[in-house]
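Computed from a predicted structure; not experimentally measured. Chain identifiers are assigned alphabetically (A, B, ...) following the order of the sequence lines, protein sequences preceding nucleic acid strands; residue numbering begins at 1 within each chain.
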There are 2 protein chains.
Amino acid sequence: MPNEEPTDLPSLRPTSWATLGLLSFGEELSGYDLKKWADWSLRFFYWAPSYSQIYSELRKLEEIGYATSRVVNKDDVRGKRLYRITPAGEEAMSRWANEAPVEPAVLKHGVMLRMWLGHAGDPAHLREVLVEHRDHAEKMRVRAIADAEGAAHEPGWAFPLMVLNWSTKYYEDERDRADAMLADLDKLARKQGRSRSSRRTSSARRTSDELRSHSS
Amino acid sequence: MPNEEPTDLPSLRPTSWATLGLLSFGEELSGYDLKKWADWSLRFFYWAPSYSQIYSELRKLEEIGYATSRVVNKDDVRGKRLYRITPAGEEAMSRWANEAPVEPAVLKHGVMLRMWLGHAGDPAHLREVLVEHRDHAEKMRVRAIADAEGAAHEPGWAFPLMVLNWSTKYYEDERDRADAMLADLDKLARKQGRSRSSRRTSSARRTSDELRSHSS
DNA sequence: GGGAGCATGTAACGGGTTACATGATTGG
DNA sequence: CCAATCATGTAACCCGTTACATGCTCCC
């Protein structure tokens with residue numbers, strides 16, 4: 001048995017692993033398929049890839065030897081290219097899954113940024129933005145449920161299903177937090193309505209040295 | 001009154017607005033201060049900026065005219081530079097807050113990616129990763145609470161406080177979802193333990209045409 | 001004296017998005 | 001026949017990260 005020492009994994013980015021992951025369920029898929037599949041699973045918690053990224057990731061994976069491809073569409077110019085994971089790819093997946101340090105979850109919440117800067121905005125508009133976000137979360141929740149139903153009872157999809165259930169809960173929580181904040185917002189509006197007449201700008205000024213004296 | 005038509009806002013990225021937002025509370029701050037402040041507020045829901053980014057953002061803001069700076073440290077070579085928002089900056093902030101389309105929240109959840117690919121990994125390791133994530137969420141929750149306490153009772157910080165409370169709830173929910181998934185994981189392990197002996201690889205193979213027949 | 005924190009930057013890299021371009025197939 | 005969908009790609013751009021570099025000041 002030659003070369004049994006644990007060779008270094010090529011340091012791929014998580015998105016590359018996610019792409020390989022899509023192939024690791026055993027299907028032979030086109031870039032187009034991949035994108036669609038990502039759109040009803042990975043999208044909820046990780047990634048909504050663009051086509052261009054998918055295609056370049058796939059080419060990269062093939063170059064490394066983690067995937068192979070073949071062109072099907074008869075003898076045409078622009079043939080459909082189907083990708084399949086290789087044994088080397090499967091092994092690399094396993095090693096990555098078990099050995100690679102887990103990247104922390106990243107959240108970039110544009111809506112909360114707006115709320116955080118609430119003093120600069122019109123209260124009514126703030127409220128509107130929140131309501132929209134609430135509705136969006138609810139929509140995502142429903143979609144996640146639908147996709148989870150599609151995945152249920154498929155024996156190979158136990159883990160994706162588990163994550164889809166997590167996602168459902170995630171959007172449910174997101175919705176509920178938006179509702180809670182809506183209530184906070186109204187409470188704040190009432191309080192500020194009582195204590196000031198109309199001053200729109202700079203209610204924040206002065207608050208000087210708390211920054212400096214705040215314990216890290 | 002010259003030039004009253006609504007001039008176009010320079011299309012800054014959200015992170016630039018976030019930087020300007022940090023200044024919009026009225027303080028005169030150094031890049032270093034800015035970073036620290038971001039670290040105990042924006043970090044929870046949006047952004048943990050690097051110094052290099054902070055400094056380049058600040059230079060950009062000054063160039064546009066949304067901030068001014070002055071060097072304090074006597075006549076030294078490497079003086080400390082303090083930035084302050086300008087009236088133009090304040091007005092731009094307000095317009096952005098009220099008029100700019102809100103970027104959707106982005107989530108990139110490395111832990112869930114691992115779980116989604118659970119079939120490729122060792123169950124015990126999977127569990128470990130989840131537990132770690134759970135603990136991290138709890139840590140963040142506690143930090144958010146602490147920072148919220150620091151911000152409470154400051155009249156100008158009502159909105160940041162509101163978001164900090166949202167963040168507290170966020171990490172609480174994150175923790176609880178991790179716990180729930182831990183339970184799911186154990187249930188799944190028991191079920192799979194009953195139905196198969198030891199096959200590690202490819203329990204997922206075959207699951208063939210469901211993909212193609214799945215309704216988008 | 002030395003380490004921790006203060007303070008500011010430059011340069012390289014690359015990942016990911018957007019815009020653009022092309023054309024086939026399918027169904028109403 | 002025309003629109004939608006299938007299907008694949010290139011090129012430019014730039015945001016953000018990482019690594020590197022420098023030197024101060026305060027405090028033990």
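- Take B:Ala97 and apply the side-chain contact (heavy atoms from CB on, under 4.5 Å) test, not counting sequence neighbours, and it matches A:Ala120.
- Note on A:Thr15: a side-chain N or O is less than 4.0 Å away from OP1 or OP2 of C:dG16.
- When each of B:Tyr55 and B:Lys108 is assigned the nucleotide of DNA chain C bearing its nearest heavy atom, the one mapping closer to the 5' terminus is B:Tyr55.
- For B:Arg13, there are no salt bridge (charged side-chain N to carboxylate O under 4.0 Å, His left out) partners two or more places apart in sequence or in a different chain.
- Partners of B:Lys108 by side-chain hydrogen bond (donor to acceptor under 3.5 Å, both in side chains), not counting sequence neighbours: none found.
- Annotation: side-chain hydrogen bond (donor to acceptor under 3.5 Å, both in side chains) contacts of B:Gln53 (sequence neighbours excluded): none.
- Under the side-chain contact (heavy atoms from CB on, under 4.5 Å) criterion, B:Leu20 pairs with B:Trp17, B:Leu61, B:Tyr66, B:Ile85, B:Met93, not counting sequence neighbours.
- With D:dG16, D:dT8, C:dG16 as the choices, the nucleotide that has an atom nearest any side-chain atom of A:Tyr32 turns out to be D:dT8.
- In terms of the side-chain contact (heavy atoms from CB on, under 4.5 Å) criterion, residue partners of A:Ser30 (sequence neighbours excluded) are, by chain and number, A:Tyr32, A:Asp33, A:Lys80, A:Leu82.
- Two end axes, each from the C1' atoms of five base pairs, can be drawn for the helix from C:dG1-D:dC28 to C:dG28-D:dC1; they diverge by 30°, to 10 degrees.
- Classification of the A:Trp40-A:Trp157 ring pair by plane angle, with boundaries at 30° and 60°, yields tilted.
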Distances for protein N or O near nucleotides 17-20 of chain D N or O, under 3.5 Å:
| residue | atom | partner | partner atom | Å |
| --- | --- | --- | --- | --- |
| D:dT17 | OP2 | B:Gln53 | OE1 | 3.1 |
| D:dT18 | O4 | B:Ser52 | OG | 3.0 |

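- Checked against side-chain hydrogen bond (donor to acceptor under 3.5 Å, both in side chains), B:Glu103 has the following partners two or more places apart in sequence or in another chain: A:Arg114.
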